[in-house]
Amino acid sequence: MERKYNPSEIEEKWQKRWEEKQVFRVTEDPNKKKYYLLEMFPYPSGRIHIGHVRNYTIGDVVARYKRMKGFNVLHPMGWDAFGMPAENAAIEHGIHPSTWTHENIDNMKRQLKRMGFSYDWDREIATCEPEYYRWEQLFFLWMVEKGLAYKKSSTVNWCPKCETVLANEQVEAGLCWRCESEVGEKYLSQWFFKITAYVEELLDYCDRLPGWPERVLTMQKNWIGKSYGCELSFPMADGKGEIKVFTTRQDTIYGATFMLIAAEHPLVLELSRGKECEGTVRDFMEKIKKQDKKMRTSEYYEKEGVFLDTYCLNPATGRKMPIYAANFVLADYGTGCVMAVPTHDQRDFEFAKKYDLPLIVVIQPPDRTLNVRTMAEAYTEEGVLVNSGPFDGMENLKALDAIADHLEKLGRGKKTVQYRLRDWGISRQRYWGTPIPMVLCEACGTVPVPESDLPVVLPREVELTGEGGSPLARFPGFAETICPRCGQPARLETDTMDTFVESSWYFDRFCSARHDVSPGLDRAKLDYWMPVDQYIGGIEHAILHLLYARFYTKMLRDFGVLGVDEPFKNLLTQGMVCKETMRCPEHGYLFPDDVQDGKCTQCGRAVAIGKTEKMSKSLKNVVDPDYLIRAYGADTARIFCLFASPPEKDLEWSDQGVDGSFRFLSRTWRIVTDYLDLIRDVPPFAGGEPLEGDLKALRRKTHQTIRKVTADIEERFHFNTAISAVMELVNSLYPLPRPAADDRLALSVIRETVEAVIRLLAPLVPHITEELWSLLGRSETLADVAWPSFDTTVASEEEITIVIQVNGKVRSRINVPADEDGEKIQALALADEKIARQIAGKRLVKQIYVPGKLVNIVVGG
RNA sequence: GCCUGGGUGGCGGAACUGGUAGACGCAAGGGACUUAAAAUCCCUCGGUCCUUGAGGCUGUGCGGGUUCGAUUCCCGCCCCAGGCACCA
């Protein structure tokens, strides 16, 4: 009786059965060890892409594996549902963002279910629902109360296309991270989250997250950017006030010959006011204001400045230092002012050369002597101090502390630290986001909406035109309110929050099932589930999302909502999915269907096979998951993603590779169904009777495979090698002579192997394995079956191969019993025919024996 | 410029703390089955040399070093990818 492997039939059948039996629904069970597995939730763009398939397959394998290992597994899914694309759809197609979002969610949910992912859909959340964002608004009120949310007027990064503010983190090389327009600047009153209040803890814990990839932690540390240095005071030459600077190079203070102030700094206008230079200074400031971020951060941006006709005094030497406004000094780092040491800082050097300012060498390199007249660039390495008063002759690194202490004693400086990390600006002039629950009252200022009035619900009937400014501000009725403090007419805040706020705490919401509306954040449940044991997602979130989520966790801990310091115990950042591109000189990038025999079907020109790039619509190198499922089934899509490369690496898509994965599943299906009639009523071998020959070898291989697959999944999530081990096991089943129907011993060994194959593959390809399991007469759902265990004795080899080397080169191999005596092995090695030939007539120098591995015979002459 | 990763067959990738380089899969070639094709099954498959063997040499980006032995450790360099970037 032959059964054909028909993926779509069996996949839909099992998906339906899992849903009916609510196999993946989970509740807190204090008697079971919990495991919280989370994949980064998607933005509901409308369709899942291969990147999702890969991410969620990796997660699903771990979830299913942990379930089989007996853990109480929380594996939820939801939607990061606020954001710009919904609003753009509204502007372009007149569809309401809510309708658009929910339609997309429905479709993507269908696709995820069709992949067979084992989610507890009972915990599904969409961040655009008031039941979700009311918590966010509540946290916001608490943050205002604690001073962790504050309003401040500042220049902000402004994307002219999205017409909204962007956080520093959302500006990439001067371009908007979303639409790649050039980012400009704008002066606005904005809400900020005081992430800097947690900067030390965020940095500290970077060294206490052993389950995170090193590079992610390095990126976060760099982003936080802690530098140790000094704040130094430079008195004005006219005795009126002083200028403070931050420096990490106080060792070069004796070489500071001029002072630089950021062009945007208010001090620039103040110092030049009423002076002859005032006009020139204003022109300079105007000019810089017009320059966009991209230009200012460009490599070729020329350093420029203007003299403010004022001097300050070097606190160490008393030297008179001219003060300049400069275009390359950052206004929002340190104090916005820097002491310039042209001999030992390349930027200052260029500036000094351009404006003919004095140079003094204060560090001499160990191997040569610097001369200010011949220097072509600044010397920034280590050396010995010169021209530095009492510090002459000291190594500059040692002088860092000594000079800091000296200036501190003079009352001119103090040791301090600076961070690159800024507070997080979260106001967005958009509609489709969480309303900020604050009231603006003329008399009382900004007043919080009372907790009892939450949530501030986003009104539905808002007109979206795509024109500038906040849509909520133009919506009649929304903003009009009365001040909760004085009762007078007032206005609600009409900006909404950055969508990164929703994703900063969604993992907490998952800890309570959806029907637990009140209280949606239950401390007992949070204590049971948090932290997330394994978080999986794209490397592109290495800084932004992961840093914000860490900040929120610490803050919510301090609010008493949570009991953990860090949200994610282990982090896996999976690589991108890439595919080759094809490009016609005339028609640009082409879909594979538009290419025939290497030529463009439109114009017949030869098509260039481009390099492999991240799949994207514009490069036309995408693969549609729905197509894959239709053509091969979800199991093939899953196993290909797992087999093609280890999860943290980029995956190069290969259509032939997909065929190969399908072939492996068919091959597995065939060998099991071929044996079905013979082994259905035979119990799996469980030891007892002694085995010999092929059967003994097969059983050994089976137990070795269980050991290897378990280790590969458990220790490093290397599913590719786990799969190849199972492939080997399946391959070893093929050449086995078919036992007679009454050879129950042989059949029971085969059944043991077959059951091992099925259970080892169960987390990876859940549908085909469920089907095969039930065909074997097993009635329980495979999802509830225990992960197979192995017997070390059975897995151990009785005969091992010893490599024999001569002078480190492999010359022969011998097979010996695994427990063979070392002396005997060495004697056998010397007696080996090929070895004898190699060492004939040579002097034996020494002999190295590595037990169980090799013998190396070293000969001379 | 600084900080991370990473360079292994025609390709994706194995080789876990220094000990058989190339597991597994793809592609390619050969064979079996078939009227034929597809599917399936079996075999070969880093390079090179010859005397075709249970052969020799060579081979993990390049150049050195440590070691009985290096894809693995150390030093110097080249290339690729990612992050940060006038952060004083």
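Chain letters run A, B, ... following the sequence lines, proteins first and then strands; every chain starts at 1.
Atom C1' of B/C73 sits at a distance of 33 Å from the matching atom of B/A85, rounded to the whole Å. Atom name P, nucleotides B/G56 and B/G1: the rounded distance is 48 Å, in whole Å. Look at the P atom in both B/U51 and B/A38: the space between them is 39 Å, to the nearest Å. Comparing the C1' positions of B/C33 and B/C49 gives a spacing of 39 Å, expressed to the nearest Å. Between the C1' atoms of B/G12 and B/U4, the separation comes to 24 Å (whole Å). Taking atom C1' in both B/G19 and B/U72, the straight-line distance is 11 Å, to the nearest Å. Atom P of B/U60 sits at a distance of 7 Å from the matching atom of B/U71, rounded to the whole Å. Of the P atoms belonging to B/A14 and B/G22, the separation is 15 Å, rounded to the nearest Å.
Taking atom CD of A/Glu715 as the reference point, atom P of B/C16 lies 12 Å away to the nearest angstrom. The CD atom of A/Gln826 sits 16 Å away from the P atom of B/C68 (whole-angstrom rounding). Atom pair A/Lys353:NZ and B/C86:C1' shows a separation of 20 Å (rounding to whole Å applied). In this structure, A/Arg670 places its CZ atom 9 Å from C1' of B/C41, rounding to the nearest Å. Separating the CG atom of A/Leu642 from the P atom of B/G13 is a distance of 15 Å, rounded to the nearest angstrom. For A/Glu377 and B/G1, the CD to C1' distance is 12 Å, given to the nearest whole Å. Between the CG atom of A/Leu400 and the P atom of B/A88 there is a distance of 12 Å, rounded to whole Å. One atom, CD1 of A/Ile802, and another, P of B/G69, lie 20 Å apart when rounded to the nearest Å.
Sequence neighbours left out, the pairs with a member in residues 721-734 of chain A that pass salt bridge (charged side-chain N to carboxylate O under 4.0 Å, His left out) are A/Lys701-A/Glu728. Listed by first then second residue, pairs satisfying salt bridge (charged side-chain N to carboxylate O under 4.0 Å, His left out) with a partner in residues 703-722 of chain A read A/Lys66-A/Glu714, A/Lys708-A/Asp712, A/Asp712-A/Arg716, not counting sequence neighbours. Legend: salt bridge (charged side-chain N to carboxylate O under 4.0 Å, His left out) pairs involving residues 209-221 of chain A, not counting sequence neighbours, sorted by first then second residue: A/Asp207-A/Lys221.
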Can you pull every protein N or O that's under 3.5 Å from an N or O on nucleotides 7-12 of chain B?
residue, atom, partner, partner atom, Å
B/G12, O2', A/Ala644, O, 2.6

Taking N or O atoms only and anything under 3.5 Å, show me the protein contacts with nucleotides 43-46 of chain B, one pair per line.
none

Please write out each protein N/O paired with an N/O of nucleotides 52-55 of chain B under 3.5 Å, distance rounded to 0.1 Å.
none

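Contact annotation for A/Val850: base contact, defined as any heavy-atom pair under 4.0 Å involving a base atom. Residue contacts for A/Val329: at a heavy-atom cut-off of 4.0 Å it reaches a base atom on one of the strands shown. A/Asn731 comes within 4.0 angstrom of the backbone, heavy atoms only, and of no base. A/Gly660 comes within contact range of the sugar-phosphate backbone alone, with a heavy-atom separation under 4.0 Å but no base atom that close. Residue A/Pro213 is out of contact with every strand shown, counting any heavy-atom pair closer than 4.0 Å.
Using modelled atom types, one side-chain atom of A/Thr257 and one backbone atom of A/Pro358 make a donor-acceptor pair closer than 3.5 Å. Checking side-chain atoms of A/Asn621 against main-chain N and O of A/Thr581 turns up no donor-acceptor pair under 3.5 Å. At distances below 3.5 Å, at least one donor-acceptor pair connects side-chain atoms of A/Arg420 with backbone N or O atoms of A/Trp223. A donor-acceptor contact shorter than 3.5 Å is absent between the side chain of A/Arg412 and the backbone of A/Ala316. A donor-acceptor distance shorter than 3.5 angstrom exists from the side chain of A/Gln220 to the backbone of A/Ala542, with no hydrogens or angles considered.
Look at B/G7: its glycosidic torsion is beyond 90° from 0, and that puts it in the anti range. B/A54 shows a glycosidic angle within 90° of 0 and is accordingly assigned syn.
Partners of A/His545 according to the ring pair (Phe, Tyr, Trp, His ring centres under 6.0 Å) rule, which considers only residues two or more places apart in sequence or in another chain, are A/Tyr535, A/His541. The salt bridge (Lys or Arg N to Asp or Glu O under 4.0 Å) check on A/Asp345 picks up A/Arg347, with sequence neighbours excluded. With sequence neighbours excluded, the residues that form a ring pair (Phe, Tyr, Trp, His ring centres under 6.0 Å) with A/Phe258 are A/Phe351. Partners of A/Arg667 by salt bridge (Lys or Arg N to Asp or Glu O under 4.0 Å), not counting sequence neighbours: none found.
When each of A/Gln838 and A/Pro735 is assigned the nucleotide of RNA chain B with its nearest heavy atom, A/Pro735 is the one assigned upstream, toward the 5' end. Comparing A/Lys809 and A/Ile848, the nucleotide of RNA chain B nearest to each residue sits closer to the 5' end for A/Lys809.
For B/C68, its base sits under 3.5 Å from the side chain of A/Asn856 at one donor and acceptor pair at least. A donor-acceptor contact under 3.5 Å links the side chain of A/Gln805 to the base of B/G19. Judged by atom type and distance alone, A/Lys303 reaches the base of B/C86 through a side-chain donor-acceptor pair under 3.5 Å.
Within a heavy-atom distance below 4.0 Å of RNA chain B, the residues of residues 337-347 of chain A found are A/Val338, A/Arg347.
For A/Phe664 and A/Phe643, the ring centers are positioned 6.0 Å apart or more.
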Test log, rule side-chain contact (heavy atoms from CB on, under 4.5 Å), inputs A/Tyr419 and A/Thr196: CA-CA 9 Å; A/Tyr419 303 92; A/Thr196 53; over 6 Å; no
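Between A/Glu231 and A/Lys415 there is no salt bridge, since no side-chain N of the basic residue sits under 4.0 Å from a carboxylate O of the acidic one. Using a 4.0 Å cut-off between charged nitrogen and carboxylate oxygen, A/Arg700 and A/Glu797 count as a salt-bridge pair.
Remark: A/Tyr333 is in phosphate contact with B/A88, judged by side-chain N or O atoms under 4.0 Å from OP1 or OP2. Distances shorter than 4.0 Å separate none of the side-chain N or O atoms of A/Arg215 from OP1 or OP2 on B/A81. Applying the 4.0 Å criterion to OP1 and OP2 of B/G69, one finds that A/Asn807 has every side-chain N and O outside that range. An OP1 or OP2 oxygen of B/C24 is reached within less than 4.0 angstrom by no side-chain nitrogen or oxygen of A/Arg663.
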Here RNA chain B, pairs taken as Watson-Crick or G-U under 3.5 Å and shown with ( ), [ ] when crossing and | when to another strand, reads (((((((..(((......[....))).(((((.......))))).(((((..).))))..(((((..]....))))))))))))....
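No side-chain N or O of A/Asn856 forms a donor-acceptor pair with one of A/Tyr849 less than 3.5 Å apart.
The aromatic rings of A/His344 and A/Tyr379 sit perpendicular to each other, their planes meeting at more than 60°, with 30° as the lower class boundary.
Judged by the 6.0 Å and 45° rule, A/Arg422 forms no cation-pi pair with A/Tyr333.
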